[in-house]
Novice: 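Handing you this structure, nothing more for now.
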Amino acid sequence: MWTVTALYTQQQEILTVAWLVEITDGVNTARRGGETNLSKPYENLTEAQVIEWVKEALGADKVTEIETDLNNQILYMQTEPVKSILLPWSQ
């Protein structure tokens with residue numbers, strides 16, 4: 001799921017969008033965030049419209065790469081569970 005976490009604007013124009021992609025299987029979660037530079041008007045926005053602009057700016061190949069990588073991380077976590085361990089210096 002793609003979400004917008006922040007908009008950086010100047011003079012009623014979006015300059016940068018901070019975004020987060022999160023994929024979960026109900027147990028495991030993989031996330032990737034980033035920032036994309038845009039030059040779009042800051043009027044009558046919806047999150048869906050901004051996400052569409054971000055994806056267009058990134059390009060279809062990059063969007064697919066991000067989503068595939070996150071899905072692969074989920075598959076890896078399903079086969080090789082991630083464990084929390086004590087930090088060596090705190091023992």
Side-chain angles (χ1 to χ4, degrees):
M1 171 181 227
W2 289 72
T3 57
V4 173
T5 57
L7 294 174
Y8 302 96
T9 65
Q10 185 177 42
Q11 298 178 356
Q12 300 300 317
E13 184 177 343
I14 298 172
L15 300 177
T16 304
V17 177
W19 48 267
L20 178 70
V21 185
E22 183 175 276
I23 296 179
T24 184
D25 65 0
V27 175
N28 302 295
T29 302
R31 295 179 188 91
R32 176 167 312 158
E35 292 185 351
T36 300
N37 295 326
L38 297 175
S39 180
K40 299 287 184 179
Y42 185 82
E43 290 183 12
N44 303 317
L45 293 178
T46 65
E47 184 176 32
Q49 178 64 60
V50 175
I51 290 168
E52 182 179 321
W53 288 337
V54 166
K55 288 180 173 182
E56 286 174 3
L58 291 172
D61 290 344
K62 186 66 175 178
V63 170
T64 299
E65 176 187 315
I66 290 167
E67 293 174 350
T68 299
D69 182 54
L70 293 174
N71 279 310
N72 287 339
Q73 287 180 40
I74 293 290
L75 291 173
Y76 180 77
M77 285 185 266
Q78 290 170 343
T79 58
E80 296 290 331
V82 176
K83 299 173 187 170
S84 177
I85 62 171
L86 290 174
L87 299 173
W89 52 88
S90 64
Q91 294 180 2

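Computed from heavy atoms alone, side chains included, the values below leave out hydrogens, waters and symmetry copies.
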Novice: Which heavy atom in Ala18 sits nearest to a heavy atom in Tyr8, and how many Å separate them?
Specialist: CB-CE1, 4.2 Å

Novice: Is Thr9 reaching over with its side chain to a backbone N or O of Glu13, donor-acceptor style, under 3.5 angstrom?
Specialist: no

Novice: Nearest 0.5 Å, please: how far is CD1 in Ile23 from OG1 in Thr68?
Specialist: 8.5 Å

Novice: Which distance, rounded to the nearest 0.5 Å, do you find between the NZ of Lys55 and the CD of Glu67?
Specialist: 5.5 Å

Novice: If only atom types and distance count, is the side chain of Asp69 paired as donor or acceptor with the main-chain N or O of Glu65 below 3.5 Å?
Specialist: no

Novice: Does any N or O in the side chain of Glu22 come within less than 3.5 Å of the main-chain N or O of Thr29, such that one atom is a donor and the other an acceptor?
Specialist: no

Novice: Measure the spacing between CG of Asn28 and CD1 of Ile74 and express it to the nearest 0.5 Å.
Specialist: 5.5 Å

Novice: Just how far is it from atom CH2 of Trp2 to atom CG of Leu58, taken to the nearest 0.5 Å?
Specialist: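 Output value for this atom pair is 5.5 Å.
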
Novice: What's the separation between atom CE in Met77 and atom CG in Asn72, rounded to the nearest 0.5 Å?
Specialist: 10.5 Å

Novice: To the nearest 0.5 angstrom, please state how far the CZ atom of Arg32 sits from the CH2 atom of Trp19.
Specialist: 7.0 Å

Novice: Please check this pair: side chain of Thr36 against backbone of Val17, looking for a donor-acceptor N/O pair closer than 3.5 Å.
Specialist: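 No.
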
Novice: Are Leu38 and Tyr42 grouped together when hydrophobic residues (ILVMFWY) are joined by side-chain heavy atoms under 4.5 angstrom apart?
Specialist: yes

